[in-house]
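Report on one structure; see the data block that follows.
Throughout, residue positions are numbered sequentially from 1 according to the sequence presented. Values in this document were obtained by computation on a predicted structure and should not be read as measured data.
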Amino acid sequence: TLRDQIDDLTRIRSGGHAVAEQSQRRGIAHLEAGRRLLAIDELQRAKVGWFSGEAMSNSLRVMTLLSNCYADLGLALAARYYAAGATYLGLHTDDDDVRALTPGAAFQLVRMQAAGGELISSLAMTQQALGLHFALETNPTDFDAHPLLQAVLAEGGIGLAIVRRLAPELVTMTEGLVETWPLAREDRDAVLSLESGHDSAWMTMDEAALMDRLEVELGRSPLEDVGPARTHVWSALGVEWTLTCANDRETVAAAFGLGSVLQVIQVELAHVELLVVPGKVVLDVELG
């Protein structure tokens, strides 16, 4: 209540952007203290407050923070949603400050796809993200200056190793995707070999250890985007939610749109004392 009164007074005296700045500072403070639910509440306020022409770059930065917050809570669809939103805004703007943030948003989307079990999709999206990086970044070939680029390439190497170990029938297609990345072959091979080379940990550990590590680090199949149907599972409000749909572009877009909005709402409801009976919910999405 006190916060809302302070924000109302700030809005009267200094305008909505000043309120957004206060919300962003509070959100980052909550995040640094490990209070993710409170951080999301404040960052959502900041995102809305910054969402105007002259401050859109700030809103895009907050969307990336929100994406990380939802990912930390295991809500991969909401994390993907905000990363995609930030990427979309960057691609459809005439503002140079916003456009400069597009490569980072695209890399975030690649990482959130992988975190949500869309390994093949993330490897395909990497081509576009790298294209944006080389088109818009200053010193794009200085890998040390771009830690997010390094993370995406390293995770791409892990993804390639996982395919080689668990789905050899997909290796040719996956390696074909990697071949399209706009990198010099020697640079690409040097980075990928760290994780997917014959002597790397991902290639040498036994399959049981590999599956245990994926369970701990991912909590789901890394290849959810392969096959005729999609199944995505998450936990929220004491309920295990399962989203299923046919694996075609239009149906997945509708299903993931529904799932991402549900996850955002579930975080908002976490602030409310709900009498929710623990159980399981299955959502089977079809287009009609």
Side-chain angles (χ1 to χ4, degrees), residues 60 63-64 67 71 76-77 79-93 98-197 200 202 218 221-227 230 247-250 252-253 256:
L60 195 146
M63 287 184 188
T64 304
S67 177
L77 297 183
R80 182 188 191 279
Y81 179 81
Y82 277 100
T87 305
Y88 181 88
L89 285 174
L91 289 170
H92 295 80
T93 182
V98 177
R99 187 182 293 111
L101 300 173
T102 310
F107 285 143
Q108 177 74 3
L109 177 55
V110 168
R111 301 189 73 193
M112 293 304 100
Q113 285 179 313
E118 298 181 274
L119 175 55
I120 304 301
S121 301
S122 73
L123 293 173
M125 177 66 191
T126 300
Q127 176 197 12
Q128 297 164 293
L130 287 170
L132 291 168
H133 171 81
F134 284 106
L136 298 174
E137 288 284 8
T138 56
N139 299 320
T141 57
D142 183 358
F143 284 21
D144 291 336
H146 301 287
L148 197 53
L149 167 64
Q150 292 184 62
V152 165
L153 294 178
E155 290 166 8
I158 294 172
L160 191 57
I162 290 171
V163 171
R164 286 172 175 168
R165 293 294 306 279
L166 302 181
E169 69 277 11
L170 299 177
V171 167
T172 299
M173 180 189 70
T174 304
E175 291 180 346
L177 291 174
V178 172
E179 288 284 342
T180 67
W181 293 0
L183 290 171
R185 178 181 292 274
E186 57 272 18
D187 292 337
R188 184 185 68 230
D189 292 346
V191 174
L192 293 178
S193 64
L194 294 175
E195 303 293 350
S196 60
S200 71
W202 289 95
L218 201 61
S221 166
L223 297 169
E224 286 186 0
D225 54 347
V226 176
R230 291 275 190 108
N247 192 15
D248 64 81
R249 183 185 180 91
E250 291 76 17
V252 170
F256 278 20

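By the side-chain contact (heavy atoms from CB on, under 4.5 Å) test, Leu101 pairs with Ser57, Leu60, Arg61, sequence neighbours left out.
Distance alone, capped at 3.5 Å, places no donor-acceptor pair between the Arg80 side chain and the Leu109 backbone. Checked by atom type and distance alone, the side chain of Thr102 never pairs as donor or acceptor with a backbone atom of Thr87 at under 3.5 Å. Using modelled atom types, one side-chain atom of Trp181 and one backbone atom of Leu123 make a donor-acceptor pair closer than 3.5 Å. Remark: side-chain polar atoms of Asn247 are paired, donor with acceptor, to backbone N or O of Asp225 under 3.5 angstrom. Proximity of a side-chain donor or acceptor of Arg99 to a complementary backbone N or O of Thr93 within less than 3.5 Å is detected. Judged by distance alone, with hydrogens and angles left aside, the side-chain atoms of Gln150 form a donor-acceptor pair with the main-chain N or O of Phe143 at under 3.5 Å. Judged purely by atom type and a 3.5 angstrom limit, Arg165 uses its side chain to pair as donor or acceptor with the backbone of Trp202.
The side-chain heavy atoms of Leu177 and Gln127, taken from C-beta on, include no pair separated by under 4.5 Å. Between Leu119 and Gln113 there is no side-chain heavy-atom pair separated by less than 4.5 Å. Proximity of Met63 to Tyr81: side-chain heavy atoms (C-beta onward) are nowhere separated by under 4.5 Å. Two residues are said to be in side-chain contact when any heavy atoms from C-beta on lie closer than 4.5 Å; Val191 and Asp187 fail this criterion. By the 4.5 Å heavy-atom criterion applied to side chains, Leu153 and Leu192 are not counted as neighbours.
Among all heavy-atom pairs drawn from Ile162 and Pro222, the shortest one is CG2-CG, 3.8 Å. Taking each heavy atom of Ala76 and Gly116 in turn, the nearest pair found is CB-CA, 3.6 Å. Ala114 approaches Leu218 most closely through the heavy-atom pair O-CD1, 3.6 Å. Residues Thr174 and Leu160 approach most closely at CG2-CD1, 3.6 Å, considering heavy atoms. The two residues Asp144 and Pro147 come nearest to each other via the heavy atoms O-CD, 4.4 Å. Pairing each heavy atom of Ala79 with each of Met112, the nearest pair is CB-SD, 3.5 Å.
A salt bridge does not link Arg230 with Glu224: none of the charged nitrogens is closer than 4.0 Å to a carboxylate oxygen.
Using a 3.5 Å distance cut-off with no hydrogens or angles, the side chains of Ser67 and Gln108 do pair a donor with an acceptor.
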Practice item. Starting from the C-alpha separation in whole Å, work towards a yes-or-no answer on side chain to side chain contact (heavy atoms under 4.5 Å, CB included) for Leu132 and Glu137. Key: CA-CA 8 Å; Leu132 291 168; Glu137 288 284 8; over 6 Å; no
Check your understanding: Given Glu118 and Met125, is the side chain to side chain contact (heavy atoms under 4.5 Å, CB included) satisfied, shown in steps?
Key -> CA-CA 10 Å; Glu118 298 181 274; Met125 177 66 191; over 6 Å; no
Practice item. Check the pair Arg111, Leu148 against side chain to side chain contact (heavy atoms under 4.5 Å, CB included), reporting the backbone distance first and the verdict last. Key: CA-CA 10 Å; Arg111 301 189 73 193; Leu148 197 53; 3.7 Å; yes
Exercise for review: Show your working on side chain to side chain contact (heavy atoms under 4.5 Å, CB included) between Thr126 and Phe107 and close with a plain yes or no.
Suggested key: CA-CA 7 Å; Thr126 300; Phe107 285 143; 5.5 Å; no
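Separating the OG atom in Ser196 from the CD atom in Glu175 is a distance of 8.5 Å, to the nearest 0.5 Å.
Ring-plane geometry between His133 and His146 is classed as perpendicular, the angle between the planes exceeding 60 degrees on a 0 to 90 degree scale with a lower cut at 30.
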